[in-house]
Structure formats: structure tokens, C-alpha cells
Amino acid sequence: MVHNEHVDVVVVGSGFGGSVAAYRMASAGLSVVVLERGRPYPPGSFPRSPADMGGAFWDPEEGLHGIYDVWSFSGCDSVVSSGLGGGSLIYANVLLRKDEHWFVHDEPLADGESESWPVTRADLDPDYDAVEEMLGATPYPFEHPSYAHTPKTIAMRDAATELGLDWQLPPLAISFASRPGGEPGLALPIVEPAYGNVHGVARRTCRLCGECDMGCNDGAKNSLDHTYLSAAKHHGADLRTLHEVWNVRQRAGGGYAVDYVRHDGTAGVRTIECDRLVLAAGTFGTTYLLMRSRSGLPGLSGALGTRFSGNGDLLAFLLRAKDRSRTRELDASLGPVITSAIRLPDSLDGRTGGSAERGAYIEDGGHPAFVDWLAESADLRTNVKRVSRFVINKLWATFTGDKNLSAELADLFADADLSANSLPLLGMGRDVPNGRLRLRGGKLDVEWDKDASSEYFDRLDTTMRRIADVLGAEYSGLPAWLGKRFITVHPLGGAAMGRHPGEGVCDEYGEVFDHPGLYIADGAGMPGPVGPNPSLTIAALADRMSTRLLETKPARKRRPARPKAGELKAVEPTPVELATSLSFDEEMAGFVVLGATDPASAKRSEGERLSFRLTIRMDDVDAFLEHPEHLARAEGWVEAECCGGRRPVERGWFNLFVPDGSSGRTMRYQLWFTDGDGHPRTLSGWKDVQDGPVIRLWHDTTTLYTRLLHGHIPPDGDTEKAVAAGVLHINPIGLAATLTSLRPDGPRKAAALTRFGRFFVGQLWDVYGPG
Ligand SMILES: Cc1cc2nc3c(=O)[nH]c(=O)nc-3n(C[C@H](O)[C@H](O)[C@H](O)COP(=O)(O)OP(=O)(O)OC[C@H]3O[C@@H](n4cnc5c(N)ncnc54)[C@H](O)[C@@H]3O)c2cc1C
Ligand code: SF4
């Protein structure tokens with residue numbers, strides 16, 4: 001029997017939540033494995049040329065393992081990052097604390113529900129302090145002579161003064177000096193902390209190139225790979241890149257099993273087990289993973305998917321700014337992407353005269369200097385168009401299929417003077433978290449009613465317009481030319497914290513209700529908008545979660561705490577509620593025809609023999625029966641000459657009696673294996689249990705329509721493009737063997753067997769019984 005690897009803690013994802021958790025656990029002496037789907041990016045490796053940008057997107061099915069992961073939903077679009085360090089690789093370095101009064105309690109939402117933060121600012125302040133120190137948070141050194149002439153910072157300050165708004169220099173996670181507290185200077189060598197650096201590449205202080213959102217090739221950004229992850233590795237954490245988690249499940253004996261694939265050419269699905277599991281795959285990654293893993297995590301809260309918010313993101317542009325008929329220099333490419341922020345008060349602050357206004361921040365944006373360079377060279381002007389079109393087409397047309405939109409965007413960029421007198425403005429704040437993440441056809445989707453936030457967006461838009469007026473600039477607000485489509489780089493919620501399972505998926509420490517040892521440590525756990533840029537709050541909550549986790553014992557049955565040599569002693573097992581499992585064997589044989597795609601029309605006379613033997617395992621019978629997909633694991637082998645003989649099933653899914661949309665049911669089999677030539681293959685099969693006379697029962701339940709597919713195709717993937725198709729059967733002796741192989745395990749065996757039997761017969765009765 002193969003034993004899976006086992007560690008104290010597995011962390012999924014290496015963004016703000018995952019990095020903090022990995023460091024805290026590793027430095028406390030626990031064995032930690034971080035599974036990160038993306039690549040490491042040492043300074044100097046971030047893509048810049050149009051050719052490199054083409055491969056800079058995350059789409060493994062297309063062989064792309066790049067840094068930008070673009071999601072296009074029916075309700076909004078979003079960009080997140082994939083790589084060691086998560087969003088910190090491409091973020092704009094702003095570390096603002098959530099305002100004290102914005103930790104709302106029972107604030108009504110339009111849908112009759114309410115937004116509640118089960119933590120307060122005072123709870124989080126010690127964690128905010130710790131994260132700021134580790135990330136070297138420091139404001140832009142605007143007072144220093146080398147930085148005092150940054151045009152966009154001056155423009156923002158002047159506009160705020162004229163409009164009577166609060167202006168500030170927010171803390172940035174950037175090294176402006178060789179060591180914390182040192183004299184700022186451009187491109188100075190950075191002195192690494194005692195814990196070293198995962199990349200082992202020299203870093204230099206910020207040279208104000210405005211490329212932060214494309215990754216810092218100087219290493220001036222104190223991103224998570226240079227800080228928390230380097231420290232975690234120093235303390236023994238095992239950081240595994242190009243490892244993508246597909247599924248997680250609770251183990252009967254306590255702890256969790258995590259299935260992952262590797263994107264480094266290694267085939268097959270592997271499993272690692274752990275006492276505690278920290279999910280930090282980002283808002284979309286974690287929510288999607290939980291939704292896909294539902295059958296292995298019985299009793300997850302029905303709040304899964306709720307409380308989505310875009311953190312009130314609104315992007316706008318100031319164009320062709322003028323100062324008394326002369327061009328007003330804004331120079332968006334000088335300085336880090338964000339240097340300063342204007343804060344719009346909230347009625348909760350108690351200073352807005354009682355009107356119900358939701359607070360916001362407006363920050364100066366930036367774009368890289370090479371865009372200026374191209375724009376300023378008249379003969380290269382077309383290149384701006386080309387580069388802009390290329391990137392934007394990639395971002396929008398490829399992923400959204402919206403060709404008109406990309407053309408519109410490209411024209412705007414190409415026509416405006418991108419260099420001296422334009423400036424992006426980035427707005428964010430307290431929108432209404434009434435969005436919902438759902439699975440549609442196996443894919444994640446966001447439903448989001450923006451109307452509930454329209455007053456908030458109107459106020460933000462109006463204030464940005466006033467800033468444009470004051471600076472003598474034309475104004476282009478994004479929603480106007482996007483036909484009301486919204487883009488967010490701050491997606492939050494989906495597996496939010498709450499006071500009880502009716503309100504959230506996890507508690508105030510991120511521990512999932514009814515799943516001891518399973519934690520959510522990322523943006524998915526936010527019960528609403530943070531307001532300012534959210535990373536610092538995500539990291540602080542992960543820090544608080546880590547303190548709590550380290551104070552509690554893991555709920556496990558079999559593995560005692562790690563004994564030190566010479567200190568072996570009995571450890572009291574923590575009582576846990578055990579699930580009852582059930583398994584049975586099934587053997588089927590038949591034929592497939594190479595080149596056929598439709599099993600029903602494949603001819604046996606043209607086919608070759610194919611068979612399989614499987615053990616179908618339901619780790620928790622109750623969860624299996626309750627979940628509408630009735631999903632179990634399939635283990636065993638597939639055998640056929642065309643596949644190189646008998647091949648082990650590396651990963652398998654089995655669904656029993658899933659409603660087919662009419663009055664029938666489907667039984668589905670999806671089996672991954674690797675053929676004799678090393679090619680990944682999938683056997684995809686289904687039994688159609690159709691409404692009709694009982695005489696059809698035998699045919700329907702023993703006939704498996706089968707396709708062989710290229711690659712490892714997930715159960716919700718495209719199964720139409722087959723390399724072979726055919727039909728398998730089970731004979732009466734085989735069926736008898738299957739029925740007698742039913743094996744329950746765990747407590748309440750007899751009851752589990754009875755429940756399963758009732759379900760099985762009940763489903764057949766529904767289909768074939770007198771209607
Ligand atoms: C252009 C841009 C600018 C931004 N600027 C700022 C800013 O200035 N300040 C700020 O506070 N925020 C900023 N943000 C937002 C910030 O990046 C996010 O809020 C933050 O990164 C979220 O942290 P997280 O831990 O939730 O997830 P992430 O940082 O997104 O990390 C999730 C990680 O999990 C990995 N992952 C996902 N699925 C799997 C899987 N199945 N298996 C293994 N690994 C997986 C991903 O590759 C990723 O590395 C910006 C974002 C963008 C895109
Ligand atoms: S402005 Fe340039 S050097 Fe400075 S942090 Fe951003 S990318 Fe790095």
C-alpha cells in the first residue's frame with residue numbers, strides 16, 4: 001500500500017495569507033509545505049517585451065503558466081496573480097490599515113442581510129504592526145530632495161488641498177534605502193535581512209520606473225518572496241512552485257488530504273496529508289477549491305460563495321492636463337505606481353454631517369516609463385498602438401471574447417498622450433458586498449448587482465471628475481466606456497468569516513465551521529470590502545489566525561504530536577467525530593474504436609478490447625448521499641492494447657445517479673491514467689438510466705458509453721473530442737460480485753449500508769417505478 005506524504009501543515013497558495021501563515025508555522029517548528037501553482041520570479045525575470053507578454057498569462061490548458069490570471073465573469077472582470085508571492089508580485093505596494101469605524105457590525109445590505117466583521121481594529125492592531133515591520137512599510141520619501149519633485153504626487157496634493165480633501169502618503173512595501181531607516185537613494189544595493197533570500201539575487205533600491213504592476217526587476221519591492229517566504233524557507237518551510245491543488249478532503253482519522261498536480265512536466269495526481277490545512281489560494285482560488293471539494297468536506301456552510309465584493313474598485317483617467325493653457329506635467333511613469341492617497345470620509349467616521357456616505361480612497365496610478373518612451377518617439381507612435389493593442393487584446397479579447405471592448409480600450413490609450421500629461425486614478429472603498437460566486441457548468445462565475453453600490457460609485461466618480469477639473473484635465477471614467485462593466489483587482493469574499501455557520505464559512509480566526517484544523521487565510525475570508533487596499537488586512541488576519549492555530553492542538557486521531565528523541569510518551573488523542581466510509585468493486589469490459597467519437601454508433605466489429613477494474617470509495621457515506629452530485633473516488637486500473645496494456649488509474653471520479661435534467665439519472669466515470677508512451681489519457685464514461693419500463697433497468701445500469709480522451713480532462717471538462725469511443729458492459733456474475741463487495745468501514749456501519757441501499761433502490765424506483 002502506498003503511503004501518502006504527511007506534514008503538520010499544508011498551505012495552499014503563497015499570497016498575503018499563505019506567506020504569513022507559512023512563516024508563522026515554520027518559525028514555530030512545525031513541518032510546513034507550501035503548494036503554489038505559479039512560478040518563482042527572481043529580480044530580472046519579469047516579462048517586459050511584447051513577445052514575453054504573450055506567455056505571461058495563466059492558462060495551463062493552453063500551456064501558459066504566466067503571472068497574470070485574468071477572470072471574466074458575467075458580473076465583472078478581474079486580474080489576479082499566479083507566482084511565488086501571489087498578488088505581491090504585481091501589486092502597487094500600498095499597505096493601509098482598515099479604518100477603525102469601517103469594521104461594521106450588522107450593517108444592513110439591500111437584500112435584507114447584513115455585513116458584520118467579527119473582529120475590530122483593536123483586535124488587529126498588533127498584527128498590523130507585525131506585518132508592516134516584516135514588509136518594511138514606509139511612506140514615499142516625498143520630503144527628500146531626490147523625490148520631492150514627483151509631478152503626480154504634487155498634483156494629487158494640490159488637488160486635495162483645493163478641494164478640501166484629506167491627502168496622505170500611505171506606507172509602501174518598497175525599499176527606498178539600503179536598510180530600514182537608512183538614507184533614501186536610487187538604485188542602491190539592498191542589505192538582506194538575516195533570514196536571507198529565496199532567490200539569491202542581488203536587489204537594488206527603487207529607481208522610480210513605475211513598473212511595479214509588471215513585477216519589479218530591481219527587487220526594490222519588498223514582495224512576499226523577498227520577505228515572509230524567504231523567512232519561512234529559512235525556518236524549514238518547503239516551498240513548492242508549479243504545484244496546483246485540485247481537491248481537498250477531510251480524513252477519517254483527523255486532518256486533511258490534499259490532491260495536487262504539477263505543472264513541471266511530471267504527470268499524475270499526488271496526495272499530501274496534513275494535520276492542519278491553510279487555504280490561501282486567493283478569493284477565486286479558495287472559493288473555487290472549496291466548491292469543488294464539497295463532497296470531501298461534508299457540512300460546509302451554505303454561506304459559501306456569498307459576500308463577494310470588488311472592494312469598490314473604480315479606474316479612471318485624467319487626460320491632456322493643462323495649467324493655464326500650458327501642458328501640465330503629471331508624468332505617471334515617474335515614481336512607484338502609487339505614491340499618495342486622498343481619503344473620502346464615511347458617515348461612520350461621524351464627520352460627514354450624518355449623510356449615508358460610504359468611504360473611499362483615490363490614489364494616483366502609474367504606467368511604465370517604456371510606454372512614455374514609445375509615445376514620445378513620433379516615428380514609434382504606431383508601436384504604442386501595437387503594444388497597447390497586444391496587451392489589451394490579450395487581456396480582454398482572449399479571455400472575454402469581447403473584441404469591441406478591446407478595440408475601444410486600445411483606441412483610448414493610443415489616442416491619448418500617455419506620457420507627460422495623463423494620469424490613471426485608482427478608486428476603492430466600501431461598496432456593498434452583495435455579490436455571489438457560483439459554479440456554472442463546473443466553472444466559477446460571479447453574480448454582482450452593482451446597483452446597490454451605485455451611490456458609492458457616483459460619489460467616487462464625481463470626486464475624480466472634480467480632481468480632473470482642478471488639474472485642468474479631461475476625464476475618462478471607466479464604466480462610461482466599458483458599458484457598465486466593472487474590473488476589480490481587489491476581489492474579496494466567497495468564504496467569509498462570520499459569527500456562526502448561517503453567516504459565514506469560517507469563524508473570526510479563519511477556522512472553517514465544523515472542520516477543525518481547516519483554515520481560510522486570504523481575501524476569500526473577508527466578510528465585506530476592506531475599503532483601502534486590502535493586502536495588509538488580509539495579512540494581519542492571517543497573522544491573527546496563525547497565533548490562534550499555534551495555541552490549539554490539532555484534532556487528529558492517529559498521529560501523536562511530533563516526539564523529540566528520548567522524549568517518547570503517550571499523547572492523549574483528541575476525540576474527533578469519525579465518518580463512515582463505504583466502498584465496492586466493479587469490473588467492466590467491452591470495446592473501443594480508435595478514431596470514433598460517438599460511443600452509440602461505434603461498431604464492436606471494428607473495435608479492440610478495453611476493460612477496467614475499480615474500487616469506488618465514499619469516504620463519508622452521509623456526505624455522499626447528501627450532496628446532489630453523489631461523488632466518490634475511483635481507484636484501480638484500465639486495460640487496453642491501444643493504451644499500452646494495464647495502466648493504473650491516477651485519479652478517478654464516480655458520480656452515482658446525478659439527475660440528467662429530465663426524469664432520468666446518469667452514472668459518470670472519469671478516470672485519469674497515463675498510456676504506455678507516457679501520454680496523459682482520460683477515460684470518460686456514463687450510464688444513462690432513463691425513465692421507462694422496468695425491463696430497461698438491466699440494460700441501462702450495465703451499459704457504459706465510453707470515450708478515451710487526450711490529456712487529463714476534469715469531470716466538468718470538454719469530453720467531446722475523443723480519440724476512441726465504444727461501449728463496456730458488466731455481466732450478471734460481475735454485477736453479483738459488485739453487490740457482494742460492498743464494504744462499510746468506521747462507526748455506524750450497518751446504518752450506513754442501509755441508508756446507501758435505500759438511496760440506491762429509491763433512485764431506481766423513481767426512474768422505473770409506476771409513475
Ligand atoms: C495590479 C494590482 C495592483 C494591486 N495593488 C495593491 C496594493 O497596492 N495594495 C493592496 O493592498 N493590494 C493590491 N492589490 C490586490 C492584492 O494583490 C490582493 O488583494 C492580494 O494579493 C490578495 O491576497 P490573497 O492572499 O488573498 O491572494 P493572492 O495574493 O492572490 O495569492 C493567492 C495565491 O494562490 C495561488 N493559487 C491559486 N489557486 C491555487 C491552487 N489551486 N493551488 C495552488 N496555488 C494556488 C496563486 O497563484 C497565488 O499565488 C493589487 C492587485 C493587482 C492585480
Ligand atoms: S518603481 Fe520600479 S524600481 Fe521602484 S518598486 Fe516599482 S518597479 Fe521597482
Side-chain angles (χ1 to χ4, degrees), residues 11-21 34-39 43 46 58 65 67-70 78-96 170 172-176 186-187 203-225 240-248 258 260-261 263 279-286 288-289 292 311 313 333-339 341 363 365-366 368-369 426 428 487-492 520-526 530 532-539 541-542:
V11 178
V12 182
S14 64
F16 284 88
S19 298
V20 172
V34 177
L35 300 174
E36 164 57 53
R37 65 181 177 165
R39 296 194 165 108
F46 290 101
W58 178 260
H65 300 102
I67 197 166
Y68 300 103
D69 183 12
V70 182
S78 188
V79 183
V80 296
S81 172
S82 178
L84 188 68
S88 77
L89 298 172
I90 58 166
Y91 87 144
N93 321 296
V94 177
L95 296 179
L96 277 167
L172 305 176
I174 295 179
S175 290
F176 293 105
L186 305 183
R203 301 167 59 204
R204 298 186 299 170
T205 58
C206 179
R207 61 184 174 86
L208 314 184
C209 68
E211 297 176 12
C212 315
D213 286 351
M214 305 177 79
C216 180
N217 271 332
D218 295 76
K221 285 174 71 167
N222 302 330
S223 47
L224 297 161
D225 46 345
R240 301 184 188 172
T241 50
L242 293 170
H243 283 55
E244 184 174 12
V245 173
W246 278 57
N247 186 63
V248 301
V258 179
Y260 63 92
V261 292
H263 294 299
L279 299 182
T283 291
F284 300 133
T286 288
Y288 195 20
L289 192 53
R292 288 197 316 242
N311 202 43
D313 277 11
S333 63
L334 182 71
V337 161
I338 294 173
T339 61
E363 297 165 1
L426 313 167
M428 67 203 78
I487 304 167
T488 177
V489 293
H490 300 129
L492 300 172
I520 289 163
D522 55 17
M526 304 298 112
V530 171
N533 324 57
S535 300
L536 181 65
T537 300
I538 294 169
L541 280 163

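Counting convention: from 1, in listed order, for ligands and their atoms alike. Quick note: numbers below take in every heavy atom, side chains included, and nothing from hydrogens, waters or symmetry partners. Predicted model only: the values in this text are computed from it and were never measured.
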Practice item. Find out whether F16 and L224 are in side-chain contact, i.e. whether some heavy atom of one side chain is under 4.5 Å from a heavy atom of the other. Key: yes
Ligand 1 to L35, heavy atom cutoff 4.0 Å, flagged ligand atoms 43 (C), 44 (N)
closest protein heavy atom to atom 19 (O) of ligand 1 is P534 CG, 3.5 Å
Review point. Would one find an N or O of G38, backbone or side chain, under 3.5 Å from an N or O of ligand 1?
Key: no
> For G87 and ligand 1, does the shortest N/O to N/O distance drop below 3.5 Å?
Replying inline: yes
Nearest non-hydrogen protein atom to atom 10 (C) of ligand 1, with distance, is S535 OG, 3.0 Å
Inset, instruction - State whether the side chain of R39 and the backbone N or O of H65 hold a donor-acceptor pair below 3.5 Å, judged by distance alone. - result: yes
Note: ligand 1 atoms sitting under 4.0 Å from heavy atoms of A92 are 3 (C), 4 (C), 5 (N), 6 (C), 7 (C), 8 (O)
Any sub-3.5 Å donor-acceptor pair from S223's side-chain atoms to L89's backbone N or O?
-> no
contact_flag V80 ligand 1 heavy-atom lt 4.0 Å: no
The protein heavy atom nearest to atom 8 (Fe) of ligand 2 is C216 SG, 2.3 Å
Taking the side chain as every heavy atom from C-beta outward, state whether M214 and Y68 have any atom pair closer than 4.5 Å. yes
TODO: Could you tell me whether the side chain of L35 reaches within less than 4.5 Å of the side chain of V258, counting heavy atoms only?
DONE: yes
Query raised in the report: Side chain of T286, backbone of A524: donor and acceptor closer than 3.5 Å?
Result: no
Ligand 1 to V79, heavy atom cutoff 4.0 Å, flagged ligand atoms 53 (C)
Could you please spell out the steps behind the salt bridge (charged side-chain N to carboxylate O under 4.0 Å, His left out) verdict for R207 and D218? CA-CA 8 Å; R207 61 184 174 86; D218 295 76; 3.0 Å; yes
S78 (side chain) donor-acceptor with T488 (main chain) under 3.5 angstrom: yes
Contact region, H490 to ligand 1, non-hydrogen atoms below 4.0 Å, reads side chain
Note: heavy atom closest to atom 7 (C) of ligand 1, options Y91, Y288, W246, F284, belongs to Y91
If you compare G282, P491, A542 by their heavy atoms, the one closest to atom 27 (O) of ligand 1 turns out to be G282
Residue, atom and distance of the protein heavy atom nearest atom 7 (S) of ligand 2 read C212 N, 3.4 Å
Do N93 and I338 make a side-chain contact, defined as non-hydrogen atoms from C-beta onward lying under 4.5 Å apart? no
Contact with ligand 1 for E363, non-hydrogen, under 4.0 angstrom: no
Numbered in order shown, the ligand 1 atoms found under 4.0 Å of a heavy atom of A280 are 32 (C), 33 (C), 34 (O)
Could you go through the side chain to side chain donor-acceptor pair (under 3.5 Å) check for N217 and R204 one step at a time?
CA-CA 9 Å; N217 271 332; R204 298 186 299 170; over 6 Å; no
min-distance protein heavy atom vs atom 3 (S) of ligand 2 -> R207 N, 3.5 Å
Check: of G86, G13, A281, min heavy-atom distance to atom 32 (C) of ligand 1 comes from A281
Under 2.8 Å from atom 8 (Fe) of ligand 2, is there an N/O/S atom belonging to C206? no
message = Tell me if a side-chain donor or acceptor on S81 pairs with a main-chain N or O of G86 at a distance below 3.5 Å.
response = yes
For atom 5 (S) of ligand 2, the closest protein heavy atom turns out to be K221 CG, 3.7 Å
Atoms of ligand 1 under 4.0 Å from any heavy atom of G17, numbered from 1 in the order shown, are 25 (O)
A student checking ligand 2 against G210 at a 4.0 Å heavy-atom cut-off should list atoms 1 (S), 2 (Fe)
When distances are taken from atom 23 (O) of ligand 1, the protein heavy atom at minimum range is F16 CD1, 3.7 Å
The atoms of ligand 1 lying under 4.0 Å from a heavy atom of E36, numbered in the order shown, are 33 (C), 34 (O), 35 (C), 44 (N), 46 (C), 47 (O), 48 (C), 49 (O)
Please check if the side chain of K221 supplies one atom and the backbone of C212 the other of a donor-acceptor pair under 3.5 Å. yes
Logged contact type for P532 with ligand 1, heavy-atom cut-off 4.0 Å, is neither
With a 4.5 Å heavy-atom cut-off, do S82 and V80 have their side chains touching?
no
Legend entry - Geometric N/O contact G85 with ligand 1, under 3.5 angstrom: no
Candidates H263, R37, M214; heavy atom nearest atom 44 (N) of ligand 1 found on R37
Examine ligand 1 and decide if any of its atoms is less than 4.0 Å from a heavy atom belonging to V12. yes
For D522, the atoms of ligand 1 under 4.0 Å from one of its heavy atoms are 24 (P), 25 (O), 26 (O)
4.5 Å side-chain heavy-atom contact, L95 and L172: no
- Any R37 side-chain heavy atom under 4.5 Å of Y260 side chain: no
Looking only at distances, please establish whether an N/O atom of ligand 1 is found under 3.5 Å from an N/O atom of V245.
yes
TODO: Check the side chains of H263 and E244 for a donor-acceptor pair under 3.5 angstrom, ignoring hydrogens and angles.
DONE: yes
Counting heavy atoms under 4.0 Å, the part of N93 that contacts ligand 1 is backbone
Taking only non-hydrogen atoms of D213 and a 4.0 Å limit, the atoms of ligand 1 in range are 1 (C), 3 (C)
Do you see an N/O/S atom of C209, backbone or side chain, under 2.8 Å from atom 4 (Fe) of ligand 2?
no
Note: P336 and C206 closest approach over all heavy atoms is CG-SG, 4.3 Å
Next on the checklist: Between L541 and M526, is there a side-chain heavy-atom distance shorter than 4.5 Å?
Outcome noted: yes
I'd like to know whether ligand 1 has G18 as a neighbour, heavy-atom separation below 4.0 Å. no
